[in-house]
Amino acid sequence: MKVLVIGKGGREHALCWRLHQSQSVWGLFCASGNPGIGQVAEPVPISPMDIPALVGFARDKKIDLTVVGPDDPLGAGIVDEFLAAGLKIFGPTKAAAQLETSKSFAKAVMKAAGVSTAAYEVFDDADAARRYAASCPLPVVVKADGLALGKGVTICGDREAAFAAIHDAMEGGRFGAAGRRVVIEEFLPGEELSFFALCDGDNAVPFGMFQDHKPVFDGDKGPNTGGMGAYSPPPQFPAGLEGRVMREVIQPTLAEMRTRGIPFRGLLYAGLMVNGSDVNVVEFNARFGDPECQPLMMRYEGDLGALLLAAAEGRLDDAPVTLSPKSAVTVVLASSGYPGDYRKGLPIAGLEKIEGGEPSEAKIRWAAKKVRVKVFHAGTALKDGQLVTDGGRVLAVTAMAPTLELAVSSAYEAAEMIEFEGKHMRRDIAHRALSRISTTPR
Ligand code: AMP
Ligand code: GLY
């Protein structure tokens with residue numbers, strides 16, 4: 001079949017890389033793509049938000065399946081437009097994507113479905129929000145209702161901070177329309193876990209557990225980013241957790257969405273907070289996480305095209321899903337200054353030391369130890385034939401190995417080989433798992 005992927009980051013490069021290896025896929029396009037994606041898919045110069053042009057392209061090219069990467073086109077109704085045009089597409093409709101695009105909607109669904117989440121109140125009136133914040137237990141979490149580029153959540157240790165967050169969102173216009181309504185919720189202590197489930201409206205299958213690293217600096221310091229690295233599977237969580245989350249979170253949420261007449265098809269990403277035996281949902285996303293999708297695509301062992309088509313067609317009940325038992329680790333290489341301002345257009349060197357190119361001592365050693373290393377492009381561009389930086393997250397190195405320790409050391413070894421001015425990476429990806437491994441006697 002012919003597949004069109006929508007998006008242009010590391011997540012979409014990982015999806016395209018796997019789709020390119022799918023037996024069922026013989027034509028692969030990506031709108032709008034990046035230089036890494038261009039090695040495996042034909043670039044389509046249409047913005048992921050230009051939905052009418054994307055529908056036209058899919059119709060003209062007789063695309064059999066479109067796969068949506070980012071949340072923005074989902075929130076703008078890309079799936080509804082494709083379905084109306086009779087085109088198959090992987091992702092939730094605009095109404096179902098509200099699980100991500102409206103925190104108050106997600107909370108109402110969880111409450112109705114009996115899914116464990118932080119106690120909360122929703123406010124459209126800033127004075128009422130302040131009255132609540134004046135007396136609720138601390139710390140408290142103030143969240144813009146809508147999409148706010150990952151910046152809409154403020155954890156407030158004191159009342160002044162809560163009042164400021166309420167003012168900025170509801171009266172100061174900090175997040176535009178997305179912040180006019182806020183959700184104020186209880187702070188949940190614990191360890192975060194990203195949980196993916198592939199859904200076809202009726203059926204769901206687990207599709208990996210991950211730990212992301214959102215703050216920009218080591219030790220979880222500094223402002224939140226889209227994610228500075230991830231690994232999978234996180235060994236510190238009990239074996240029964242996957243089944244429990246499917247039963248207590250994913251299945252009830254799907255059932256509630258069906259009851260509301262808006263079945264969820266696509267990737268349901270539950271951001272969980274795990275504290276001992278307590279498992280709470282912090283947020284839902286309606287798409288693959290990035291960078292989590294990168295270790296996932298390394299571990300996934302099947303025909304991705306056939307699998308995503310089965311989800312889009314409501315046939316997940318008989319689709320096999322196998323993830324490698326090996327560990328995969330992704331380290332993001334970012335531009336200096338990200339998530340704030342950063343320079344673009346800086347030359348990138350060293351990729352040939354990791355993949356393609358001549359055999360090298362490192363490549364031979366990785367092969368001998370059954371380590372697989374892959375570099376996915378996020379914000380890169382070609383300028384006069386030279387690969388240059390073109391975004392906050394520039395590249396990400398993923399390594400998969402029989403042990404987590406070897407995957408981590410290999411990913412960092414490869415990450416050191418890539419050079420560009422101002423390259424920034426966290427040095428402690430997977431630290432929570434590694435500290436447990438090194439302190440647990442075996
Ligand atoms: P969200 O955009 O909802 O994922 O929130 C961003 C980050 O804020 C999450 O990844 C958590 O680290 C943190 N967070 C959000 N809600 C809570 C909460 N109720 N308790 C503790 N941390 C939270
Ligand atoms: N890595 C977190 C996200 O994709 O939302």
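Order of appearance sets the numbers: ligands from 1, and atoms from 1 within every ligand. All values below come from the heavy atoms of this structure, side chains included, with hydrogens, waters and symmetry mates left out. Keep in mind that this is a model prediction, so the values were computed, not measured.
Ligand 1 has no nitrogen or oxygen under 3.5 angstrom from a nitrogen or oxygen of N224.
No donor-acceptor pair closer than 3.5 Å links the side chain of D428 to the backbone N or O of D218.
Ion pairing between a basic and an acidic side chain is recognised when a charged N comes within 4.0 Å of a carboxylate O; E256 and R260 show such pairing. A salt bridge does not link R343 to D390: none of the charged nitrogens lies less than 4.0 Å from a carboxylate oxygen.
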>> Please determine whether salt bridge (charged side-chain N to carboxylate O under 4.0 Å, His left out) holds for the pair R287 and D71, giving the CA-CA distance in whole Å, both sets of side-chain angles, and the decisive distance to 0.1 Å.
In response: CA-CA 7 Å; R287 48 160 179 91; D71 43 302; 3.4 Å; yes
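By the criterion of a heavy-atom distance under 4.0 Å, the side chain of Y269, and not its backbone, is placed next to ligand 2. With a heavy-atom cut-off of 4.0 Å, E186 touches ligand 1 through its backbone alone.
For atom 5 (O) of ligand 2, the closest non-hydrogen atom of the protein is R287 NH2, 2.9 Å. Nearest non-hydrogen protein atom to atom 21 (C) of ligand 1 is L188 O, 3.3 Å.
Heavy-atom proximity to atom 5 (O) of ligand 1, evaluated over L272, V153, D220, is greatest for V153. Relative to atom 4 (O) of ligand 2, the option among D212, D71, D290, T225 with the closest non-hydrogen atom is D290.
In this structure, G289 has a heavy atom closer than 4.0 Å to ligand 2.
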